[in-house]
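Take a look at the structure set out below.
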Amino acid sequence: MINVPRGTQDLLPEETEKWQYVEEKFKALCRTYNYQEIRTPIFEHTELFQRGVGDTTDIVQKEMYTFNDRGDRSLTLRPEGTASVVRAFVQHKLFGNPTQPTKLFYIGPMFRYERPQQGRMRQFVQFGVEALGSADPAIDAEVMALAMNIYEGLGLKSLKLVLNSLGDNESRTNHRDALMKHFEPHKEELCNDCQVRLDKNPLRILDCKKDKDHEAMKTAPSILEYLNDYSQNYFEQVKDYLDQMGIEYVIDKNLVRGLDYYNHTAFEIMSNASGFGAITTLSGGGRYNGLVEDLGGPETPGIGFALSVERLLMALDAEGVALPLDNSLDCYVIAMGDNAEKKAVELVYTLRKAGIQVDKDYQGKKFKAQFKTADRLNAKYVLILGEEELANNVVNVKDMATGEQKQIRIADIETTLEKLVTGGTN
RNA sequence: GCGGUCGUGGCGAAGUGGUUAACGCACCGGAUUGUGGUUCCGGCAUACGUGGGUUCGAUUCCCACCGGUCGCCCCA
């Protein structure tokens, strides 16, 4: 037997119903915020991620699905969405559109070669948005508001918006120097990873779980102390806008994002719900001024975020939120006898063309068993068509909720059901 | 990539170094020859992750691998 590759999954109907529901919710919310959908390829030139995401990141160094195609091009299954969106923004010169910022959303699978566990798959699906062309702190707040709205709109309560500022280049350089100076005397006491981080990306040391109790960690210089005036002011305004909207957040000065392109605003949304394992991050995002330029476009600020659908659904489970899925069927047709069977096929076809959900038996089941099936499918109405009904040009219509049953002329069945189905629900 | 743990029919779950591997759910049929959700009775199933090894004999013991899961790393 051949199973799915490691870290991937099949979504069976019971699950896809949920996926469709949250996808629709997300799309509708994006429309509300005036974000439009963009669809980019699932694989890109490897170079895009090396330059966009950053050569020193874990993603690029050890998590990419990279392969050469038959033309010997190096391609990579996308590990995240922002690089592709920015690439498309530059390639199609969307910066030339009269309405800016360019506000885009996407839904699609991402790929990272990692050791799978619950909430971490090698293929996973992200919802994301990107707003390109505005350096207004209000749009940072807008993106966070949208992110929170998705979760809250689905009924989640145990959420935490964690916020930090990474500052601009000047602030970051100054902070970086300060960090190196601070940790250098303690280098030998730090874990192996952190010793490497000290040279490459000292910011990462702050995020280390092994060394989190080290004295030097507590006294380490915070980026917030090194923000220059512009960065500081920007951060304050972002917070003001969040306050204005009544969106709660906590500042975590150690919040570091895993991708190189981030600056200024960085945030994560986490779940507090019990029953969540080691992985509590539901989504993450931030500002990436400079990325468009890095990828060959004009100087254009940008901000975005992405969430994992798998983790979103886990959070719903953890909080016991049941999605209002409609798993009923308008109508089930039961036929008895060869002639009735023929007529039933015609009837089903007629009703379906009228837009009514209909199904019938294809297993040669007996009358009683067909009723059982109708019940199991949550059929609202059952149409009974036997030789007797056929002879009289009628069909029995049974309301499965009330048990009431009446005879309708076959010629009238379409209009009758339409009335029942549209009138009875919604 | 590292460590812990687990892997029995469609699902859940017992169990044993040795003839036919429990049980529950689900499914099918009957009681009720054209009317569902209950009950009772009966029936069904390609089941011991894969490959080696130990043994007269392994689903059971050992090893490796694969996969799940938990934690680390890191993130979505």
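Chain identifiers are assigned alphabetically (A, B, ...) following the order of the sequence lines, protein sequences preceding nucleic acid strands; residue numbering begins at 1 within each chain. No hydrogens, no waters, no symmetry mates; every other heavy atom, side chains included, goes into these values.
Nearest to the side chain of A:Ile384, among B:rG34, B:rG68, B:rC27, sits B:rG34. Nearest nucleotide to the side chain of A:Gln118, out of B:rC28, B:rC70, B:rG34: B:rC70. Nearest to the side-chain atoms of A:Thr281 among the listed nucleotides B:rC75, B:rC70, B:rG68 stands B:rC75. When the nucleotides B:rC28, B:rC73, B:rU35 are ranked by their closest atom to the side chain of A:Lys62, B:rC73 comes out on top. Here the side chain of A:Gln117 is nearest to one of B:rC72, B:rU35, B:rC75, namely B:rC72.
Judged by distance alone, with hydrogens and angles left aside, A:Arg115 brings no side-chain donor or acceptor close enough to the base of B:rG71 to form a pair under 3.5 Å. The base of B:rA76 is not paired with the side chain of A:Arg120 by any donor and acceptor separated by under 3.5 Å. A donor-acceptor contact under 3.5 angstrom links the side-chain atoms of A:Lys368 to the base of B:rU32. Between the side chain of A:Gln9 and the base of B:rG68, no donor-acceptor pair under 3.5 Å is found.
The side chain of A:Lys366 contributes an N or O atom lying less than 4.0 Å from OP1 or OP2 of B:rG30.
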Q.
If you apply the rule side chain to side chain contact (heavy atoms under 4.5 Å, CB included), what do you find for A:Leu163 with A:Leu255, and how did you get there?
A. CA-CA 7 Å; A:Leu163 183 63; A:Leu255 177 68; 6.0 Å; no
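Within the 4.0 angstrom heavy-atom criterion, only backbone atoms of the sugar-phosphate kind lie near A:Gly7; the bases stay farther away. Residue contacts for A:Gln405: at a heavy-atom cut-off of 4.0 Å it reaches a base atom on one of the strands shown. A:Gln123 comes within 4.0 angstrom of no nucleic acid atom, judged by non-hydrogen atoms across all strands.
For the segment residues 304-313 of chain A, the set of residues with a heavy atom within less than 4.0 Å of an atom of RNA chain B comprises A:Ala306, A:Ser308, A:Arg311, in numerical order.
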Anything under 3.5 Å between a donor and an acceptor, one on a side chain of residues 387-409 of chain A, the other on a protein residue two or more places apart or in another chain? List them.
{"unit_1": "A:Glu389", "atom_1": "OE1", "unit_2": "A:Gly386", "atom_2": "N", "d": "2.9"}
{"unit_1": "A:Glu389", "atom_1": "OE2", "unit_2": "A:Asn396", "atom_2": "ND2", "d": "2.8"}
{"unit_1": "A:Asn392", "atom_1": "ND2", "unit_2": "A:Glu388", "atom_2": "O", "d": "3.2"}
{"unit_1": "A:Asp399", "atom_1": "OD1", "unit_2": "A:Ala401", "atom_2": "N", "d": "2.9"}
{"unit_1": "A:Asp399", "atom_1": "OD1", "unit_2": "A:Thr402", "atom_2": "N", "d": "3.3"}
{"unit_1": "A:Thr402", "atom_1": "OG1", "unit_2": "A:Glu404", "atom_2": "N", "d": "3.2"}
{"unit_1": "A:Arg409", "atom_1": "NE", "unit_2": "A:Asp412", "atom_2": "OD2", "d": "3.2"}
{"unit_1": "A:Arg409", "atom_1": "NH2", "unit_2": "A:Asp412", "atom_2": "OD2", "d": "3.2"}

Q.
Can you give me the dot-bracket string for RNA chain B, 5' to 3', counting Watson-Crick and G-U wobble pairs with both distances under 3.5 Å, using [ ] for crossing pairs and | for partners on another strand?
A. (((((((..(((.....[....))).(((((.......))))).....(((((..]....))))))))))))....
